[in-house]
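For reference, the structure discussed in these notes is given below.
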Amino acid sequence: MSKPMSIVQLKQQIRLEMIQKKKQLPNSIFEQYNSLLHEWLYMSEAWKKAPHVALYYSVEKEVDTLKIIKQAWLENKPVYLPKCNREDKTLTFYRVDSFEQLETVFYGIPEPIPEQCESISVEELRFIIVPGLAFDHAGFRIGYGAGYYDRTLEQTDPAACLVGLVFPFQLYLNRLPIDQHDRSVQLIYTIDGVIQCDHKES
Ligand SMILES: Nc1nc2c(c(=O)[nH]1)N(C=O)[C@@H](CNc1ccc(C(=O)N[C@@H](CCC(=O)O)C(=O)O)cc1)CN2
Ligand SMILES: Nc1ncnc2c1ncn2[C@@H]1O[C@H](COP(=O)(O)OP(=O)(O)OP(=O)(O)O)[C@@H](O)[C@H]1O
């Protein structure tokens, strides 16, 4: 009999599966999914109430956040984007008012230029869109596996609203394997609506 997979192995398997599925998503469907997700987001109470938005600069076939950034600017909501601190795998968020305040240093992800932006502490963030390759109905997620967001979410205020945006195949029907350090999101936006995640431990 084969040995049961460890959580690390299971997470890695789900990661690879999701990366593959994302790559295979045709552009036309990608655009349709993004439009639906954006509509649900802007219509939601959580978005309307958010005093600002902390998110990430989407690359490749991630749910498009560039349009969300522009929408926030239109609505005069301050936008905060992360810069990776590679030494300790943490994130620092900076207020960004223009794409000209970004530079691509590593990972191919545009990041705020610290000299041109003001930073904000994670404790002050109130509405955070968290990236993920897969989410389950309880709001748990799997990211790229470096722990950047796990470490960040550990420091957020309990009153902060954490949300995820998913394409249909990224919503995992079973419970995802979780570690002690994993923190769940409260809301998941899908192409069909918003899922209110239950936080009951089971
Ligand atoms: N658009 C976007 N921005 C984001 C994230 C994300 O998921 N999406 N992140 C979500 O956390 C953070 C970046 N996370 C990353 C996690 C792992 C690797 C990574 O493994 N990179 C190399 C390894 C090289 C190295 O470690 O130096 C690789 O691809 O092999 C890169 C970025 C912050 N910004
Ligand atoms: N709060 C933390 N303190 C110390 N190490 C952590 C913390 N959170 C995560 N890690 C470490 O980071 C690594 C990645 O964790 P995990 O597999 O949960 O990543 P992930 O959720 O896919 O990644 P990400 O947060 O980058 O999206 C693991 O080695 C884990 O032990």
Side-chain angles (χ1 to χ4, degrees), residues 6-12 14-16 18-19 22 41 50-73 77-135 139-166 170 176-189:
S6 69
I7 289 184
V8 172
Q9 286 171 317
L10 254 174
K11 281 190 168 182
Q12 190 54 17
I14 296 168
R15 241 173 235 130
L16 295 177
M18 292 299 164
I19 290 172
K22 236 166 31 133
L41 177 66
H52 54 237
V53 55
L55 68 181
Y56 48 96
Y57 188 104
S58 60
V59 291
E60 293 165 7
K61 287 272 174 66
E62 288 182 315
V63 171
D64 179 11
T65 59
L66 275 60
K67 287 211 176 97
I68 303 175
I69 294 171
K70 291 180 195 159
Q71 179 68 25
W73 285 336
K77 278 188 204 295
V79 168
Y80 296 100
L81 290 176
K83 179 168 181 64
C84 294
N85 306 308
R86 279 177 113 180
E87 321 73 50
D88 56 2
K89 295 247 161 59
T90 58
L91 298 172
T92 307
F93 284 80
Y94 292 88
R95 177 166 170 162
V96 173
D97 299 312
S98 146
F99 289 127
E100 283 171 18
Q101 290 172 303
L102 304 178
E103 62 180 349
T104 304
V105 186
F106 39 69
Y107 304 142
I109 304 173
E111 296 186 325
I113 303 168
E115 296 75 26
Q116 296 186 21
C117 311
E118 199 157 324
S119 65
I120 185 169
S121 73
V122 169
E123 294 84 5
E124 289 178 76
L125 299 174
R126 288 293 174 272
F127 186 79
I128 309 175
I129 302 179
V130 183
L133 285 165
F135 285 84
F140 287 101
R141 52 175 278 283
I142 290 186
Y144 283 100
Y148 278 108
Y149 269 86
D150 289 330
R151 285 184 196 85
T152 302
L153 299 182
E154 215 173 45
Q155 298 167 41
T156 52
D157 190 288
C161 182
L162 314 181
V163 313
L165 309 171
V166 294
Q170 291 177 302
L176 286 172
I178 53 176
D179 289 300
Q180 198 84 44
H181 60 249
D182 287 319
R183 176 136 181 235
S184 58
V185 298
Q186 288 105 308
L187 300 174
I188 298 175
Y189 292 87

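- Looking at every heavy atom in both residues, Val185 comes nearest to Leu162 through CB-O, 3.3 Å.
- Between the CD1 atom of Ile120 and the NE2 atom of His52 there is a distance of 5.5 Å, given to the nearest 0.5 Å.
- Looking at Gln9, its side chain does come within 3.5 Å of a backbone N or O of Ser6 through a donor-acceptor pair.
- A salt bridge links Arg126 with Asp157: the distance from a Lys NZ or Arg NE/NH1/NH2 to an Asp or Glu carboxylate oxygen falls below 4.0 Å.
- Under a 4.0 Å N-O distance rule, the pair Lys70/Asp64 does not qualify as a salt bridge.
- Between the CD atom in Glu154 and the OG1 atom in Thr152 there is a gap of 9.5 Å [rounded to 0.5 Å].
- The shortest distance between side-chain heavy atoms of Leu55 and Ile128 does not fall below 4.5 Å.
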Go through the steps to decide whether Leu133 and Ile14 satisfy the test side-chain contact (heavy atoms from CB on, under 4.5 Å), and finish with yes or no.
CA-CA 8 Å; Leu133 285 165; Ile14 296 168; over 6 Å; no

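- Proximity of Ile113 to Lys83: side-chain heavy atoms (C-beta onward) are nowhere separated by under 4.5 Å.
- Rounded to the nearest 0.5 angstrom, Lys61 NZ and Lys22 NZ are separated by 9.5 Å.
- Side-chain atoms of Asp182 and Lys11, non-hydrogen and from C-beta on, do get closer than 4.5 Å to each other.
- You'll find the side chain of Ile129 reaches within 4.5 Å of the side chain of Leu165, heavy atoms only.
- Nearest heavy atom pair, residue Pro112 against residue Leu81, reads CG-O, 3.4 Å.
- Scanning all heavy atoms of the two residues, the minimum distance from Gln186 to Ala160 falls at NE2-O, 3.0 Å.
- Between the Ser119 side chain and the Phe93 main chain, no donor and acceptor come within less than 3.5 Å of each other.
- The shortest side-chain heavy-atom distance between Tyr189 and Val163 falls under the 4.5 Å cut-off.
- In this structure, Lys77 contributes its side chain and Ala50 its backbone to a donor-acceptor pair below 3.5 Å.
- In this structure, Glu62 and Tyr56 have side chains that are in contact, with non-hydrogen atoms separated by less than 4.5 Å.
- Under the 3.5 Å distance criterion, the side-chain polar atoms of Ser184 are left unmatched by any main-chain donor or acceptor of Gly139.
- Taking 4.5 Å as the limit, every side-chain heavy atom of Gln116 sits out of range of all side-chain heavy atoms of Glu103.
- Annotation: the span from Glu118 atom CD to Gln101 atom CD amounts to 11.0 Å, rounded to 0.5 Å.
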Determine whether Arg151 and Asp88 satisfy the following criterion, salt bridge (charged side-chain N to carboxylate O under 4.0 Å, His left out), listing intermediate values before the conclusion.
CA-CA 10 Å; Arg151 285 184 196 85; Asp88 56 2; over 6 Å; no

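- Formation of a donor-acceptor pair under 3.5 Å by the Arg15 side chain with backbone atoms of Ile142 is not found in this model.
- Evaluation of the ring pair (Phe, Tyr, Trp, His ring centres under 6.0 Å) test over residues 99-135, restricted to residues two or more places apart or in two chains, returns Tyr57-Phe99, Trp73-Phe99.
- When all heavy atoms are compared, the tightest approach of Val59 to Gly108 is CG1-O, 3.6 Å.
- Residue Arg141 holds its CZ atom at 11.5 Å from CD of Gln170, rounded to the nearest 0.5 Å.
- For the pair Thr92 and Pro82, the minimum side-chain heavy-atom distance is 4.5 Å or more.
- The two residues Asn85 and Leu91 have their closest heavy-atom pair at ND2-C, 3.8 Å.
- For the 3.5 Å distance criterion, the side chains of Ser121 and Glu124 qualify, holding a donor opposite an acceptor.
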For a side-chain hydrogen bond (donor to acceptor under 3.5 Å, both in side chains) check, start with the C-alpha distance between Thr156 and Arg183, then their side-chain angles and the critical distance, and finish with the verdict.
CA-CA 10 Å; Thr156 52; Arg183 176 136 181 235; 2.3 Å; yes

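- In this structure, Pro177 and Leu10 approach most closely via the heavy-atom pair CG-CB, 4.0 Å.
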Run Lys89 and Asp150 through salt bridge (charged side-chain N to carboxylate O under 4.0 Å, His left out) and show every step you take.
CA-CA 10 Å; Lys89 295 247 161 59; Asp150 289 330; over 6 Å; no

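- Counting heavy atoms of neighbouring residues, nucleotides and ligands inside a 6.0 Å radius, atom CD of Glu100 does not exceed 12 of them.
- Separating the CD atom in Gln12 from the CD1 atom in Ile7 is a distance of 14.0 Å, to the nearest 0.5 Å.
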